[in-house]
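The basis for the numbers below is simple: all heavy atoms, side chains too, and nothing from hydrogens, waters or symmetry mates.
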Amino acid sequence: MSQDKHVEISSGSFINSNKPSPLSYKRILIVTSVSAEQEAVIRGLNGAEGFDVLIGGVGVAFAAASTARILATTKYDLVICAGIAGGFVGKADVASVVVATEILAADLGAETPDGFLSLDELGFGSARIPVDITLVNRVAEALQVSGLPAHTGSVLTVSTVTGSAETATAIASRVTGATAEAMEGYGVATAAQQFEIPVLEIRTISNPVGPRDRSAWRIKEALESLEKVSSVLVEVLR
């Protein structure tokens with residue numbers, strides 16, 4: 001559904017002394033799903049060295065394949081899945097930011113008469129990919145210091161976006177800590193895990209998870225937040 005578009009970002013970076021001291025990742029891959037997200041990230045990076053921005057495509061399969069393809073040919077110190085997403089009501093408001101403490105394939109499993117069983121419960125592997133909590137907290141702190149409303153919590157990867165209040169409630173009750181919902185994170189994280197590279201997922205919220213009321217979506221605001229997030233990443237990760 002999407003071609004992978006690889007953009008090299010080059011030239012200087014900056015440090016704000018009021019923010020946490022920067023980490024030391026020499027080369028970072030940021031994977032988005034569509035061009036609007038990629039463009040927002042590039043604007044926020046503002047020419048900073050050491051960042052590559054990839055359009056990985058929509059959905060877990062495209063994201064995993066595109067990410068694995070580039071990781072097979074280029075060495076990275078960190079992979080970030082970044083883009084807009086739905087936020088669970090009461091957990092992440094529209095235009096806020098979520099940094100994943102866990103990347104979870106929420107619908108990877110089986111339906112049974114007694115309810116949903118995850119891949120973990122079935123004993124066939126894990127639908128959960130952990131994230132370095134120290135890194136998560138550093139990034140979230142930097143976002144908050146910069147004035148962005150940042151949360152931490154589980155970011156769910158789904159193949160079908162939630163479209164009803166009933167489904168949203170069922171997922172939130174089944175997945176402790178469910179904070180945001182998107183379609184690519186688990187694919188990106190699986191590829192990074194295969195290459196033993198640390199991974200983050202960062203989402204800016206464009207709409208509540210639940211009924212698909214497009215009049216309530218704030219995609220422009222979420223993309224603006226994504227741009228601001230990217231400028232903070234330059235400060236804290238380099």
Side-chain angles (χ1 to χ4, degrees), residues 30-33 37 60 63 79-109 116 118-120 126-190 192 198-213 216-219 221-226 228-230 232-233 236:
I30 300 179
V31 184
T32 66
S33 59
E37 294 169 334
V60 66
V79 176
I80 302 173
C81 179
I84 67 176
F88 282 89
V89 175
K91 295 289 187 178
D93 295 332
V94 171
S96 68
V97 185
V98 177
V99 185
T101 54
E102 176 183 58
I103 301 169
L104 170 65
D107 52 11
L108 186 57
F116 180 84
S118 69
L119 195 66
D120 306 68
S126 181
R128 300 172 181 267
I129 295 180
V131 183
D132 181 346
I133 195 63
T134 300
L135 176 57
V136 169
N137 289 337
R138 285 289 298 277
V139 170
E141 178 188 357
L143 294 172
Q144 291 167 349
V145 169
S146 297
L148 289 164
H151 313 276
T152 60
S154 296
V155 176
L156 313 188
T157 301
V158 295
S159 296
T160 301
V161 172
T162 299
S164 70
E166 292 78 12
T167 301
T169 299
I171 293 174
S173 64
R174 176 165 57 81
V175 181
T176 303
T179 306
E181 175 188 273
M183 301 179 75
E184 295 81 26
Y186 185 78
V188 173
T190 297
V199 64
L200 282 177
E201 184 170 7
I202 304 174
R203 296 286 179 174
T204 58
I205 304 304
S206 60
N207 58 277
V209 174
R212 292 177 60 79
D213 177 10
W217 291 5
R218 297 292 180 265
I219 292 176
E221 291 87 341
L223 290 172
E224 289 171 350
S225 293
L226 184 60
K228 294 174 184 176
V229 166
S230 302
V232 174
L233 291 179
V236 74

Provide the closest heavy-atom pair for [X] versus [Y] in the form atom of the first, atom of the second, distance.
{"X": "Cys81", "Y": "Gly185", "answer": "SG-CA, 3.8 Å"}
{"X": "Gly210", "Y": "Ala168", "answer": "CA-CB, 4.2 Å"}
{"X": "Gly187", "Y": "Val60", "answer": "N-CG2, 3.3 Å"}
{"X": "Ala192", "Y": "Val199", "answer": "CB-CB, 4.0 Å"}
{"X": "Gly86", "Y": "Val209", "answer": "C-CG2, 3.5 Å"}
{"X": "Thr134", "Y": "Asp132", "answer": "N-OD1, 3.0 Å"}

Non-neighbouring partners of Glu224 that pass side chain to side chain donor-acceptor pair (under 3.5 Å), sequence neighbours left out: Lys220
Going by side chain to side chain donor-acceptor pair (under 3.5 Å), name the residues that satisfy it together with Ser126, two or more places apart in sequence or in a different chain. Asp120
When rounded to the nearest 0.5 angstrom, what is the spacing between [atom1] in [X] and [atom2] in [Y]?
{"X": "Thr152", "Y": "Ile133", "atom1": "OG1", "atom2": "CD1", "answer": "6.0 Å"}
{"X": "Ser206", "Y": "Leu223", "atom1": "OG", "atom2": "CG", "answer": "8.0 Å"}
{"X": "Ile30", "Y": "Ile80", "atom1": "CD1", "atom2": "CD1", "answer": "4.5 Å"}
{"X": "Ile84", "Y": "Arg218", "atom1": "CD1", "atom2": "CZ", "answer": "13.0 Å"}
{"X": "Thr204", "Y": "Ile219", "atom1": "OG1", "atom2": "CD1", "answer": "10.5 Å"}
{"X": "Leu233", "Y": "Ile202", "atom1": "CG", "atom2": "CD1", "answer": "4.5 Å"}

With a 4.5 Å cut-off on side-chain heavy atoms, are Arg212 and Val161 touching? yes
For a 4.5 angstrom cut-off between non-hydrogen side-chain atoms, does Tyr186 reach Glu201? no
Name every donor-acceptor pair, under 3.5 Å, that has one atom in a side chain of residues 88-105 and the other anywhere in the protein, sequence neighbours excluded.
from, atom 1, to, atom 2, distance (Å)
Ser96, OG, Asp93, N, 3.3
Ser96, OG, Asp93, O, 2.5
Thr101, OG1, Gly153, O, 3.4
Glu102, OE1, Arg128, NH1, 2.9
Glu102, OE1, Ser154, OG, 3.1
Glu102, OE2, Arg128, NH1, 2.9

Pairwise salt bridge (Lys or Arg N to Asp or Glu O under 4.0 Å) hits with a residue in residues 175-185, at least two apart: Glu184-Arg203
Who passes side chain to side chain contact (heavy atoms under 4.5 Å, CB included) against Thr167, sequence neighbours left out? Thr162, Ser164, Ile171
Pairing residues for Asp107 by the side chain to side chain contact (heavy atoms under 4.5 Å, CB included) criterion, not counting sequence neighbours: Val158, Ser159
Measure from the side-chain N and O atoms of Thr179 to the backbone N and O of Gly177, and report whether any donor-acceptor pair falls under 3.5 Å. yes
